[in-house]
Amino acid sequence: GNRGCVASMELRAYKLLARLGRQICATNQPGGRDRQAVENFCQGLWVFDVQGTAKADRILEVFEYAYRRYGVTNFLIDSLAKCGFADDDYTAQKNFVDKLSDFARNNGVQVHLVCHSRKRSDENEVPDKFDVKGSGGLTDMVDNVFLVWRNKPKEKKIQDARSDVERKQAMLDGPDAILNCCKQREGEWEGYIQLWFDRASLQYLQSVDGRPVRYCA
């Protein structure tokens, strides 16, 4: 029932919508009967259709317009690296996040900003907020910080398995990903959530035997 606006400069709009269609229908091949259901589900979704690097001020202008004109309350930027800042321009990055925070609090909306991780010597460890690439002010000013860790050691075990038995054992070796809530300003909980990836629906599930959810009628 909420309205959202996505600024995804890392993914073309048609590919983004195709992936959403798979997630909404919980299948890798949505059929003809699913088209209208997906369109109905996405009626409250606006996509800022731009590829490459978009200037931060332009993104803020679009978000402000979407909020005032269409009542959009959820905003997503993917990613900070595509907002027109140099990697070492920490002041500009910090000022942009400060403006996003003001926009969210002043209007009672949610803004989700995707950031990349710093290059680490060991990808086997779950990252924390100090691994976010860019200014330290990025995590200081926001209300919540979530980090996604992909279990590549498990993927390697599955890939290297020499039999079906080894492959099945590797698939049961921990979660496919971990969602790390390492900051929650107004909450009392921080911690890890284990997730299992369903390749057909592109959904993350809460258990190894979980089933994807179909979100459209």
Note: with side-chain heavy atoms under 4.5 Å as the link, the other cluster members for Leu195 come out as Phe146, Val148, Leu179, Trp189, Ile193, Phe197, Leu202, Tyr204

| task | Carefully, step by step, assess Phe103 and Phe75 under the rule ring-ring contact (aromatic ring centres under 6.0 Å, His included). | result | CA-CA 11 Å; Phe103 170 71; Phe75 299 86; 5.3 Å; yes

message: Evaluate Asp164 against Arg167 for salt bridge (Lys or Arg N to Asp or Glu O under 4.0 Å), listing each step before the verdict.
response: CA-CA 5 Å; Asp164 290 341; Arg167 187 173 293 105; 3.0 Å; yes

Across all chains, not counting sequence neighbours, the salt bridge (Lys or Arg N to Asp or Glu O under 4.0 Å) partners of Glu166 are none

Exercise for review: Could you please spell out the steps behind the side-chain contact (heavy atoms from CB on, under 4.5 Å) verdict for His116 and Ser79?
Suggested key: CA-CA 8 Å; His116 291 162; Ser79 65; 3.6 Å; yes

Show me, pair by pair, the donor-acceptor contacts under 3.5 angstrom made by side chains of residues 208-217, not counting sequence neighbours?
residue : atom : partner : partner atom : Å
Asp209  : OD1  : Ser207  : OG           : 2.9
Arg214  : NE   : Cys216  : O            : 3.3
Arg214  : NH1  : Cys25   : O            : 3.4
Arg214  : NH1  : Asp34   : OD1          : 3.3
Arg214  : NH2  : Asp34   : OD1          : 2.7

So Arg58 and Glu61, salt bridge (Lys or Arg N to Asp or Glu O under 4.0 Å) or not? Walk me through it. CA-CA 5 Å; Arg58 176 59 177 157; Glu61 288 175 3; 3.7 Å; yes

Applying ring-ring contact (aromatic ring centres under 6.0 Å, His included) to Trp196 and not counting sequence neighbours gives none

Verify, without hydrogens or angle tests, whether Lys94 (side chain) and Asp89 (backbone) share a donor-acceptor contact under 3.5 angstrom. no

Going by chain and number, the hydrophobic cluster around Trp149 (ILVMFWY, side chain to side chain under 4.5 Å) further includes Val126, Ile178, Tyr192

Donor-acceptor pairs under 3.5 Å, side chain of residues 129-138 to any protein atom, not counting sequence neighbours: which ones?
residue : atom : partner : partner atom : Å
Asp131  : OD2  : Asp128  : N            : 3.0
Ser135  : OG   : Gly137  : N            : 3.0

Between Asp176 and the options Arg150, Lys154, Gln194, the side-chain hydrogen bond (donor to acceptor under 3.5 Å, both in side chains) test singles out Lys154

